[in-house]
Amino acid sequence: MTEHIAFIGLGNMGGPMALNLCKAGYKLTVFDVMPDAVKKLTEAGAAAAADIAGAVKDADIIITMLPGNDHVKKVYLEGGVLAHAKAGALLVDSSTINADVARDVAAAAQQKGFRMIDAPVSGGTAGAAAGTLTFIVGGDAADLESARPLLEKMGKNIFHAGASGAGQMAKICNNMLLAILMIGTSEALNLGIRGGLDPKVLSEIMSKSSGRNWALEVYNPMPGVMENVPASRGYTGGFGTDLMLKDLGLAMEIAGSADVSTPLGTHARDLYKAHSEAGHGKLDFSSILKLVEAQALAKSA
Ligand code: NAD
């Protein structure tokens, strides 16, 4: 591969995504504020930069995978990517952030002569590791086509949602639905177990019935039902409760400004807020099962 790629943000998602680019033979320079995250990539053959300027200065395509709005604004606008990237570079932000922030950063990038797309992902850490993510892209179709060969090394499905910011908008709608499905799945499993059912048997039945959904079939929240999911490793290494809470906050912002009613989304946000405030913010979002169990026990006490 002749293109030189910079990858910034090597956490639960960015780490395995960058590894897939290494494996595909891209020349990769990486940066993260956490040295441990960088180490895994240098062991796989990537070059480590000391700062953002060093990471982006020679890159043709720059990918970021950061926690939220403030990190993206800092990395792009505050003396970072836009100040140091080489002319004509294509910028791809895969973080999940507010659509307005995505549009503002893209507009600032365009003013400086860069091309930029928002390309948030769905598919979780397993999808990141397997290279089967779904990319949901906002921006110019031509810029998506320039990024497509690279995105195909990390994902299986690539959608063009519309103009700048549309990728973020679609991603947030998806994650609001995911939160509702995870809580609903937890509630159904907890009800069945308390009614004397085996969670594995119940999961199998519902997976072949009309209650089937991704949280149940791919990311089951009950420990021991599935291997290789966060629930079966102490709710570690997945999609953090605080990140889901952030996404539900973004959904509520959109609902508020568009004057749209989202009763289940609002309730999901309140439950994730309570779960985070109970000290579970760093656990995977499927640990909401614990809150459902605790609330059911409190009610029956
Ligand atoms: P994470 O917290 O594991 O990783 C974020 C990384 O960004 C960390 O390694 C952190 O050190 C780094 N970082 C923060 N500020 C930085 C800076 N200024 N410069 C360089 N690096 C910096 O988060 P994650 O789970 O990888 O999620 C990243 C994004 O992807 C979030 O927006 C999240 O909502 C979204 N997402 C996550 C999942 C998932 O399953 N984890 C799924 C889809 C989308």
Side-chain angles (χ1 to χ4, degrees), residues 6-20 29-41 48-56 62-81 83-84 92-99 101-102 105 118-130 132-137 154-155 157 167-168 170-179 182 214-215 218-219 221 228-231 233 235-251 272 281-287:
F7 206 118
I8 301 170
L10 307 164
N12 287 333
M13 294 296 287
M17 289 165 72
L19 269 179
N20 280 331
T29 304
V30 298
F31 175 70
D32 193 293
V33 288
M34 301 291 288
D36 276 359
V38 175
K39 205 169 147 231
K40 286 184 201 149
L41 266 299
D51 51 23
I52 289 172
V56 303
I62 298 162
I63 309 179
T64 47
M65 192 53 167
L66 298 160
N69 292 335
D70 293 344
H71 310 82
V72 170
K73 284 195 266 189
K74 183 165 187 272
V75 164
Y76 279 90
L77 305 178
E78 293 171 23
V81 173
H84 299 285
V92 179
D93 180 34
S94 282
S95 327
T96 303
I97 60 167
N98 181 299
V101 174
V105 175
D118 44 294
V121 301
S122 178
T125 46
T132 57
L133 291 170
T134 296
F135 282 89
I136 310 167
V137 177
M154 300 180 283
N157 297 302
Q168 298 294 353
K171 165 71 187 168
I172 288 306
C173 294
N174 178 75
N175 273 27
M176 185 181 80
L177 178 59
L178 172 62
M182 185 56 83
W214 189 88
V218 181
Y219 211 93
N228 298 323
V229 291
R233 48 173 191 259
Y235 297 106
T236 59
F239 178 44
T241 288
D242 281 344
L243 287 177
M244 177 52 96
L245 182 57
K246 172 204 67 169
D247 289 358
L248 290 166
L250 294 174
Y272 271 102
K282 298 286 171 252
L283 293 185
D284 180 74
F285 82 113
S286 60
S287 66

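Predicted, not measured: the structure shown is a model, and the values here were computed from it. Side chains included, hydrogens not; waters and symmetry mates left out as well; all remaining heavy atoms used. Atoms within each ligand, like the ligands themselves, are counted from 1 in listed order.
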Nitrogen or oxygen of Ser95 less than 3.5 angstrom from that of ligand 1: no
His71 N/O under 3.5 Å from ligand 1 N/O: no
Closest non-hydrogen atom pair, Ala49 against Thr29: CB-CG2, 3.9 Å
Polar proximity ligand 1 side, Leu66 side, N/O cut 3.5 Å exclusive: yes
Heavy atom of the protein closest to atom 4 (O) of ligand 1 (residue, atom name, distance): Gly11 CA, 3.3 Å
Proximal candidate to atom 19 (N) of ligand 1 [heavy atom criterion; set Phe31, Phe239, Tyr219]: Phe31
Ligand 1 contact by Lys171, heavy-atom criterion under 4.0 angstrom: yes
Atoms of ligand 1, numbered as shown, that sit under 4.0 Å from any heavy atom of Met34: 11 (O)
side-chain hydrogen bond (donor to acceptor under 3.5 Å, both in side chains) between Asp284 and Tyr219, intermediate numbers included: CA-CA 11 Å; Asp284 180 74; Tyr219 211 93; 2.6 Å; yes
Parallel, tilted or perpendicular: rings of Phe239 and Phe285 (30°, 60°): perpendicular
Met13-ligand 1 polar pair, N/O distance under 3.5 Å: yes
Protein contact to atom 34 (O) of ligand 1 [nearest heavy atom, distance to 0.1 Å]: Lys246 NZ, 2.9 Å
Interfacing atoms of ligand 1 (cut-off 4.0 Å, heavy-atom, Ile8): 20 (C)
Close approach, Gly238 and ligand 1, non-hydrogen under 4.0 angstrom: yes
Ligand 1 N/O within reach of Val121 N/O, cut-off under 3.5 Å: no
Numbered atoms of ligand 1 (with element) below 4.0 Å of Gly9, judged on heavy atoms: 7 (O)
Side chains of Lys282 and Thr241 in contact at under 4.5 Å (non-hydrogen atoms): no
Side-chain heavy atoms of Ile8 within contact of Val81, under 4.5 Å: yes
Ligand 1-proximal atoms of Ile97, by part, heavy-atom distance under 4.0 Å: neither
Heavy-atom closest pair, residues Pro120 and Ser95: CB-O, 3.9 Å
Nearest protein heavy atom with distance in Å, relative to atom 18 (N) of ligand 1: Val75 CG2, 3.5 Å
Rounded distance [0.5 Å steps], CD1 in Ile172 versus CG in Asp247: 4.0 Å
Nearest-neighbour protein heavy atom for atom 27 (O) of ligand 1, which is reported as residue plus atom name and distance: Leu243 CD1, 3.8 Å
pair Asp118-Lys171: side-chain heavy atoms closer than 4.5 Å: no
Nearest non-hydrogen protein atom, atom 3 (O) of ligand 1: Asn12 N, 2.9 Å
Leu133 and Met17, any side-chain heavy atoms less than 4.5 Å apart: yes
Protein contact of atom 9 (O) of ligand 1 - nearest heavy atom, named by residue and atom, plus distance: Asp32 OD2, 2.7 Å
Contact (N/O only, under 3.5 Å) between Lys74 and ligand 1: no
Atom 30 (O) of ligand 1 [closest protein heavy-atom partner, distance rounded to 0.1 Å]: Met65 CE, 3.1 Å
Shortest protein contact, atom 35 (C) of ligand 1 (heavy atom only): Thr96 OG1, 3.6 Å
Heavy-atom check, side chain of Asp93 versus side chain of Val105, under 4.5 Å: no
Non-hydrogen side-chain atoms of Ile52 and His84 separated by less than 4.5 Å: no
Ligand 1 contacted by Pro67 (non-hydrogen, < 4.0 Å): yes
Any side-chain heavy-atom pair of Met154 and Ile63 under 4.5 Å: yes
Side chain to side chain, His71 and Ile97, heavy atoms closer than 4.5 Å: no
